[in-house]
Every structure is written in structure tokens, then in C-alpha cells.
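Right, one structure below, let's go through it.
Residue numbers start from 1 in every chain, and the chains themselves are labelled A, B, ... in the order their sequence lines are given, proteins ahead of strands. Scope of the values below: all heavy atoms of this structure, side chains included, with no hydrogens, waters or symmetry mates.
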2 protein chains.
Amino acid sequence: MKESMRIGDLTQRAGVTHRTVRYYESIGLIPSGEREGNGQHYYTEETVARLRKIDQLKKLGLSLEEIRDIIDLYFYDQSGVQPKQKVLTILRQHLAEADQKIEGLQQFRADIKANIERFEQWFKEREQH
Amino acid sequence: MKESMRIGDLTQRAGVTHRTVRYYESIGLIPSGEREGNGQHYYTEETVARLRKIDQLKKLGLSLEEIRDIIDLYFYDQSGVQPKQKVLTILRQHLAEADQKIEGLQQFRADIKANIERFEQWFKEREQH
DNA sequence: GACAAACATAACGTTAACGTCATGTTTGTC
DNA sequence: GACAAACATGACGTTAACGTTATGTTTGTC
């Protein structure tokens, strides 16, 4: 039962710094985790998952503001037909964007690799005088 | 023969502002295009292509500094007098980074897809009363 | 050759996304 | 219960990637 953890564990598990966590709290990207009494903040597994998802979305090219607008749809089930339709639309959009980006990166990767091989070839030929 | 154009045409064709062009010149991302005499800058088709390529690479998540490391590979006939061993090292780093990014995005893509299917399933079941 | 539009240069400003530093409090361990 | 490690809060700093403002010069058209 790791019911809750403090910021040290959180940052380590999510791979972020404590300043990132505080910043995200301050802009409402993640819940603040404050508890009464001692002034300590306590977090759960969900916060870890949220931070990881945020990182993924960032890599997709979304700003934190954009992420804030949609992050909940990855964690909370919308009830009702219309909200669900809306979520589905956004998810499909993200899927398409991810596909595009993956494709672009694969092309980029191929370009880089071709160049690497070109250089390696150059060194090889030079070696043999 | 559009041998050369001035900054107005350049920015329009490449879809950037003149400040972006100046900034890129200042950090050595594109040649400065200065000519003697009148103080005007003249650019060619290659500059347009360069700007577009830069934009493409930015969308993949590369910083301008990273782009500067590799942009010439897309336009120059390498060989210049560049330190090839160094370029090769940089290229290998970029290859590794690209692989990581691709992997991350594929994981993300899989998550989204699972999510989408979950929603579709929900709609399907509901359809059948 | 007058004159507006396009251009050049310089300096300061801005925004996102955190980092760093300073200082005081809580927790956990001996 | 002493004490180091972990944590909290606040204020100021930083970096990338440009934007904005101000002022003077060139170009192209009538």
C-alpha cells in the first residue's frame, strides 16, 4: 500500500524535478496535493501517471496550456454521450498527429542514418589509402 | 530568372517573419545574404528551402541549435573542410535521440489507440440497447 | 525628383518553462 | 532529543525564440 508519497518519491518516479511539480501545480496541471496540518504535500500513483502523460503530450508538441485543456480526458471517464463523442474526436486527432510525427521522425532518422553511412564509407576508403 | 530576392519575398514564400530571418542569420542557421554597396540583403531559392526545412525539423521537436548541427547535410555537398569525425559523432547522437523519440511516440500512440477502442466499444454496446 | 513602400540597424520587451538561492520547518533515525 | 535529510515558501534568474518600437536609408513609381 503506497497510498501516498511525498515529493521526493514523486519526482524520482516521474523523472521530473520538484520545481516542475510545483510549477505544474501552480498552473493547475496537476492537483496541489496539499494536506492540512503539517504543510507537507502528498501525492498518489495517479500523479505519477499524470506527469508521465504530460511528458508524452509535450513531446507531441503540445504546450502546457494545451495539455491542461485535455489532460483530464486521459484520466477521467466522461459520462454522457456527447462528452464521449467529443473526447473520441480529440483522441482521434491526437492519433493522427502522433502518426504524422512518427512518420516525420522516421524520415529524419533515415536521413541521418544515410549520412552516417556516407561518412563511415569515407573513413573506410581513406583507411585503405 | 529569380536569381535573387529581397527579404519581403523571402518571408512571404517561407512563411516566416523578417525577425525570424534576422534571428536565424544571427545564430548562423542561414547565410546572412549581405551584399556590398547598398546594405540590402539578397536571398536565393536555397534560403527558402532552408527555412522550410528548418520549420519541418522544428516540428519534430529539434531545437535551433540541434538543427544548426545538421542542416547543412540537407544542402551542402558535405565535403567542405568540416571535421568529419566530429560531425559523425553528432550524427550518431541525433540518431539515438531520434530513436528514443520514436519509441516514446509509439508508446503514446498505442495508449491512444487503446483508449479509442474502449470508447468505440462503448458506443457499439449502447447501440444494441 | 518627389514620395511612399520596402528595407536596415539597434535596443529593449516578451513568453513559456522552468532553475537557483535563501531561509525556515518537518521527518526520520540514532 | 539531537541532528541531518527531506521538505516548504518566496523571490529572483535564465534560456530559447522571437516581437516591438524607433529611427534612418533604398527602391521603385509617377
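- In this structure, B:Arg22 atom CZ and C:dC12 atom P are separated by 20 Å, rounded to whole Å.
- Listed pair B:Tyr24 / D:dC18 meets the phosphate criterion, a side-chain N or O lying under 4.0 Å from OP1 or OP2.
- If you measure from atom CD of B:Glu66 to atom C1' of D:dT15, you get 14 Å, rounded to the nearest angstrom.
- Across all strands, A:Leu64 comes closer than 4.0 Å only to sugar-phosphate atoms, never to a base (heavy-atom distances).
- If you measure from atom CD1 of A:Ile27 to atom C1' of C:dT15, you get 13 Å, rounded to the nearest angstrom.
- Counting only heavy atoms from C-beta on, B:Ile7 has its side chain closest to C:dA8 among C:dA8, C:dA17, D:dT27.
- Look at B:Asp99 and A:Lys113 and you find no salt bridge, because none of the NZ, NE, NH1 or NH2 atoms lies under 4.0 Å from a carboxylate O.
- Going from atom OH of B:Tyr42 over to atom P of C:dA8 covers 8 Å, rounded to whole Å.
- A side-chain donor-acceptor contact under 3.5 Å links A:Asp111 and B:Tyr74.
- When rounded to the nearest whole Å, the span between CD of B:Glu34 and P of C:dC7 equals 15 Å.
- Across all strands shown, the partner of C:dG13 is D:dC18, judged by Watson-Crick or G-U wobble contacts whose two distances both fall under 3.5 Å.
- Taking side-chain N and O atoms only, A:Thr20 has a distance below 4.0 Å to OP1 or OP2 of C:dG19.
- A heavy-atom distance below 4.5 Å is not found between the side chains of B:Asp9 and B:Tyr43.
- Regarding A:Tyr23, its OH atom lies at a distance of 14 Å from the C1' atom of D:dT15, rounded to whole Å.
- With D:dA8, D:dA17, C:dT9 as the choices, the nucleotide that has an atom nearest any side-chain atom of B:His41 turns out to be C:dT9.
- No donor-acceptor contact under 3.5 angstrom links the side chains of B:Gln107 and B:Glu103, judged on distance only.
- A residue-by-residue look at B:Arg6 and B:Arg19 shows that B:Arg6 has its nearest nucleotide of DNA chain C further toward the 5' end.
- A donor-acceptor pair shorter than 3.5 Å can be found between the side chains of A:Lys53 and A:Gln56.
- The interatomic distance linking B:Asp9 (CG) with C:dA5 (P) rounds to 17 Å, in whole Å.
- One finds no side-chain N or O of B:His18 lying less than 4.0 angstrom from the OP1 or OP2 phosphate oxygen of D:dC18.
- If you measure from atom CD of B:Gln40 to atom P of C:dC7, you get 8 Å, rounded to the nearest angstrom.
- Under the Watson-Crick or G-U wobble criterion, with both distances below 3.5 Å, C:dA2 is paired with D:dT29.
- Close to C:dT27, at under 4.0 Å from its OP1 or OP2, lies a side-chain N or O of A:Asn38.
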